[in-house]
Amino acid sequence: MALSIVQRTILGYLIMFLLLALLGGISYWKLVGVNSDVNEVTEEATPLLVNSSKLYVTILTSQRNLLEYLTYQSESQLPPVEKAYEEQKAAFRDEIEQIKSQTNNSDISEQIEQLANDYFAKGDQIMALHSESLMINQSLIAARGEFVKYEDAFQKVTTLLIDKLGKSRSQRNKVDRLTSGVKRDLKELRTARQDMDLPKLIDDFEKNLQKAKAGIRDVKISKG
């Protein structure tokens with residue numbers, strides 16, 4: 001059947017209209033898909049990324065607090081740093097809960113949480129050990145101070161005793177022999193190191209001290 005020019009023209013416009021409609025439908029469908037992807041990024045991925053960044057910053061800040069804590073050698077300096085560390089720990093827990101609520105992949109968030117819990121547990125342990133070491137160090141300093149006092153007192157008593165012996169060389173030499181072991185042991189105990197046999201040093205000191213006490217009784221002090 002032959003079509004007239006008018007009919008062919010109308011058919012051509014109709015086909016073009018159908019093609020434009022099809023093209024418009026495809027474009028609209030693509031646009032809907034893009035819009036869905038954009039919404040997913042803005043509503044899910046972006047907040048997740050922001051909270052992940054916050055989580056990273058929190059861990060770094062807590063690590064800085066931990067390192068700062070270890071640099072202090074005075075117990076009075078520790079509480080503010082420990083408080084800041086605990087605040088970062090609490091902030092981390094809040095942020096991980098937000099991430100859990102924003103993602104359907106619970107495995108990853110749980111792994112992050114477990115690793116962070118292990119990190120904070122180790123951090124707590126390190127801080128406790130550092131605080132304990134400072135307390136022990138303070139006690140050691142105080143003990144050394146008392147030790148030096150007793151060592152000085154022993155030296156003064158020994159000097160006073162020798163002065164009381166007058167010109168008796170034999171008695172002076174006897175006191176020197178009796179007290180030399182105690183003097184040596186006191187010096188070694190005061191400067192004791194970890195690699196030294198401390199129980200043996202203490203045992204030698206006690207033996208020399210008892211020997212000195214027994215021998216001093218026989219020393220003849222000048223009456224002049």
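Values below: all heavy atoms of this structure, side chains included; hydrogens, waters and symmetry mates excluded.
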**Student:** Rounded at 0.5 Å granularity, tell me how far CG in Leu129 sits from CD in Gln125.
**Tutor:** 5.5 Å
**Student:** Determine the minimum heavy-atom distance between Tyr119 and Ile59, stating which atoms define it.
**Tutor:** OH-O, 3.9 Å
**Student:** Could you pull out the closest heavy-atom pair between Tyr85 and Ser62, with the gap in Å?
**Tutor:** CD1-O, 3.7 Å
**Student:** Can you check side-chain contact (heavy atoms from CB on, under 4.5 Å) on Gln111 and Gln114, steps first, answer last?
**Tutor:** CA-CA 5 Å; Gln111 288 178 10; Gln114 183 59 49; 5.8 Å; no
**Student:** Got Glu75 and His130 here, is their nearest side-chain heavy-atom distance under 4.5 Å?
**Tutor:** no
**Student:** Please tell me if the side chains of Ile126 and Tyr69 come closer than 4.5 Å, counting only heavy atoms from C-beta onward.
**Tutor:** no
**Student:** Does Thr158 reach the side chain of Lys183, with side-chain heavy atoms less than 4.5 Å apart?
**Tutor:** yes
**Student:** Would you call Glu86 and Lys83 a salt bridge, taking side-chain N to carboxylate O under 4.0 Å as the test?
**Tutor:** no
**Student:** Rounded to the nearest 0.5 Å, what's the gap from CG on Leu201 to NZ on Lys187? Could you check?
**Tutor:** 13.5 Å
**Student:** Indicate the atoms forming the closest heavy-atom contact of Leu178 with Ala212, along with that distance.
**Tutor:** O-CB, 3.4 Å
**Student:** Side chains of Glu68 and Tyr72: any donor to acceptor distance under 3.5 Å?
**Tutor:** yes
**Student:** Where do Lys89 and Asp124 land on the side-chain contact (heavy atoms from CB on, under 4.5 Å) test, with the steps shown first?
**Tutor:** CA-CA 10 Å; Lys89 188 195 298 186; Asp124 292 342; 2.9 Å; yes
**Student:** Any chain of hydrophobic side-chain contacts (each under 4.5 Å) joining Leu209 to Ile202?
**Tutor:** yes
**Student:** Would you say CZ of Arg144 has more than 12 non-hydrogen atoms from neighbouring residues, nucleotides or ligands within 6.0 angstrom?
**Tutor:** no
**Student:** Strictly distance-based, threshold 3.5 Å: is any side-chain N or O of Ser131 a donor or acceptor partner for the main-chain N or O of Met127?
**Tutor:** no
**Student:** Show your working on salt bridge (Lys or Arg N to Asp or Glu O under 4.0 Å) between Asp204 and Lys200 and close with a plain yes or no.
**Tutor:** CA-CA 6 Å; Asp204 291 343; Lys200 184 178 183 303; 3.0 Å; yes
**Student:** Check whether Asn117 reaches the backbone of Glu113 with its side chain - one donor and one acceptor, N or O, closer than 3.5 Å.
**Tutor:** yes
**Student:** Determine whether Thr179 and Phe154 satisfy the following criterion, side-chain contact (heavy atoms from CB on, under 4.5 Å), listing intermediate values before the conclusion.
**Tutor:** CA-CA 9 Å; Thr179 59; Phe154 178 80; 4.0 Å; yes
**Student:** What distance separates Leu66 CG from Phe120 CZ, expressed to the nearest 0.5 Å?
**Tutor:** 10.0 Å
**Student:** Closest approach of Val182 and Phe205, non-hydrogen atoms and distance?
**Tutor:** CG1-CE1, 3.9 Å
**Student:** Measure the spacing between CG of Leu140 and CG of Leu134 and express it to the nearest 0.5 Å.
**Tutor:** 12.5 Å
**Student:** Check this for me: does any side-chain nitrogen of one of Lys207 and Asp203 sit under 4.0 Å from a carboxylate oxygen of the other?
**Tutor:** yes
**Student:** Check step by step if side-chain contact (heavy atoms from CB on, under 4.5 Å) holds for Glu87 and Asn65.
**Tutor:** CA-CA 10 Å; Glu87 289 175 351; Asn65 294 145; over 6 Å; no
**Student:** Are Leu189 and Leu198 packed together at the side-chain level, in the sense that at least one heavy-atom pair is separated by less than 4.5 angstrom?
**Tutor:** yes
**Student:** With a 4.5 Å cut-off on side-chain heavy atoms, are Leu60 and Gln63 touching?
**Tutor:** yes
